[in-house]
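Numbering of ligands and ligand atoms starts at 1, following listing order.
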Amino acid sequence: MLDKAKALISPSRRSGVPPFMVMDVMAAAAHIEAAGGRVIHMEVGQPAAAAPSAAVAAARAALGGPLAYTEALGIGSLRRRIARHYQEHYGLDLDPARVIITTGSSAGFILAFLAMYEAGDRVAVACPGYPPYRHILSALGCEPVLLETSAASRWAITPASLLAEHRRRPLRGLLVASPANPTGTMMKAEALAELIAVAEGEGIRVISDEIYHGLDYAYKAETAARLSGNAVIVNSFSKYFCMTGWRVGWTVAPETLVRPIERLQQNLAISVPTLSQIAAEAAFAGRAELEAVKQGYEENRAILSSGLPQAGLDKFLPVDGAFYLYADVSRFSRDSLDFAKRMLEQAGVAATPGVDFDPRHGKEFLRFCYAGSATDMREAVERIGTWLRHAG
Ligand SMILES: Cc1ncc(COP(=O)(O)O)c(C=O)c1O
């Protein structure tokens, strides 16, 4: 009887995705702040800036209206505006019919995975990489295949590593990201083109996470949409557009996948929040503000790139894009979770332990997010330096 009752309330196996370790760091930081301490937050990957004023004004103006459901694929004028963005930014003619509005890129992944892969399909993702890639895949019954990358390949999957895994056991999918989280590294257009061509040549279906496009400092990020008509692009208003909490993003899909994704969206969500779609369309008018925010990130990047080595953390690759720096802390600790906890408690700087991004080698790394203010970045460098000299 007891067993029967237990079976009724026990969670499914597929819901058993691992937690985000960064949440533990956030909780500890909140504890310190509640007791009156000051913490410099470099753990959470989001812009400190608000949405562009044009987006906020458009949302305010829309509040008086009915805010009804929209079409499942999104508001037509927003889809057209995004297609125009591809022309303006990448010089690519894109049919707005291929643009699908999603609830952040997070929902874009769910829709793309469901539309492209069957349960049981093996999908390659880079390790280190953004943890929800593998957790969403496994929750949906696909098998995430972690392809180990290294500083030598600037943390990118190479055609050779993809093919070696594919020969071992066939892959069905590949997820690439440039700029990448947690490393902030990018792939040159030629390298991305070669990887996609090799994958597609083997029948491996490609998804490109382009959420950090616009935040590229070393050189301009290339969109997979220019390299292949078969790849699915996932993007978002969260990062460059500073709209994380608005939960709005987009996907560019080959024509054949648009209707299946539309049917999925109709059933899973009906549509994306209308207010957020209206604000997102207006956000394109906020370029000047957004470029100023980006300049702030560039300044922070320079402060950390020169300051952290002086503070004692000198093992990291030059960061090309996004707002992350992935530092090897193995000189000080082989347990980055413990290192992050001590750095928080003793230096008042919160960063994310690498274990979230890389179950194998993450214990030797910390991710720093530099989306805060330049003053905070300078103070963080000072604090870390003092701490490592005295206690670290
Ligand atoms: C690489 C990457 N992809 C996707 C996301 C999801 O973002 P959102 O759902 O807000 O678009 C994030 C969020 O941090 C990310 O870092």
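For E33 and H41, the side-chain atoms include at least one donor-acceptor pair closer than 3.5 Å. Side chain to side chain, Y133 and D209 meet the donor-acceptor criterion of an N or O pair below 3.5 Å. Checking Y324 against Y212 by side-chain atom types alone, a donor-acceptor pair falls below 3.5 Å. With 3.5 Å as the limit, one finds a donor-acceptor pair spanning the side chains of S53 and E289. Using modelled atom types, one finds a donor on one side chain and an acceptor on the other under 3.5 Å when comparing E200 with S228.
Distances below 4.0 Å separate heavy atoms of F109 from the following atoms of ligand 1: 4 (C). Residue G104 approaches ligand 1 through these ligand atoms, each under 4.0 Å from one of its heavy atoms: 9 (O), 11 (O). Under a 4.0 Å criterion applied to the non-hydrogen atoms of N181, ligand 1 contributes the atoms 1 (C), 15 (C), 16 (O). Interface of R247 with ligand 1, defined as ligand atoms under 4.0 Å from a residue heavy atom, comprises 8 (P), 9 (O), 10 (O).
In this structure, OG1 on T352 lies 14.5 Å from CZ on F365, to the nearest 0.5 angstrom. Remark: R134 CZ to L146 CG distance equals 5.5 Å, nearest 0.5 Å.
Remark: K188 is positioned above the aromatic ring of Y219, its terminal NZ or CZ atom under 6.0 angstrom from the ring centre and at most 45 degrees off the axis. In this structure, R226 forms no cation-pi arrangement with Y90, as its terminal cationic atom is not both closer than 6.0 Å to the ring centre and no more than 45° off the ring axis.
Only the side chain of Y133 comes within 4.0 Å of ligand 1, judged by heavy-atom distances. In Q46, neither the side chain nor the backbone holds a heavy atom less than 4.0 Å from any atom of ligand 1.
The shortest N or O to N or O distance between Y212 and ligand 1 is under 3.5 Å. For the pair S106 and ligand 1, the shortest N or O to N or O distance falls below 3.5 Å. When only interatomic distances are considered, the shortest N/O to N/O separation between Y324 and ligand 1 does not fall below 3.5 Å.
Ranking the protein heavy atoms by distance from atom 4 (C) of ligand 1 puts S105 OG, 3.2 Å first. Given atom 13 (C) of ligand 1, the protein heavy atom at minimum distance is K239 NZ, 3.1 Å.
Residue contacts with ligand 1: D209 is included, with a non-hydrogen atom under 4.0 Å away. Contact analysis leaves F237 out of contact with ligand 1, as no non-hydrogen atom separation drops below 4.0 angstrom.
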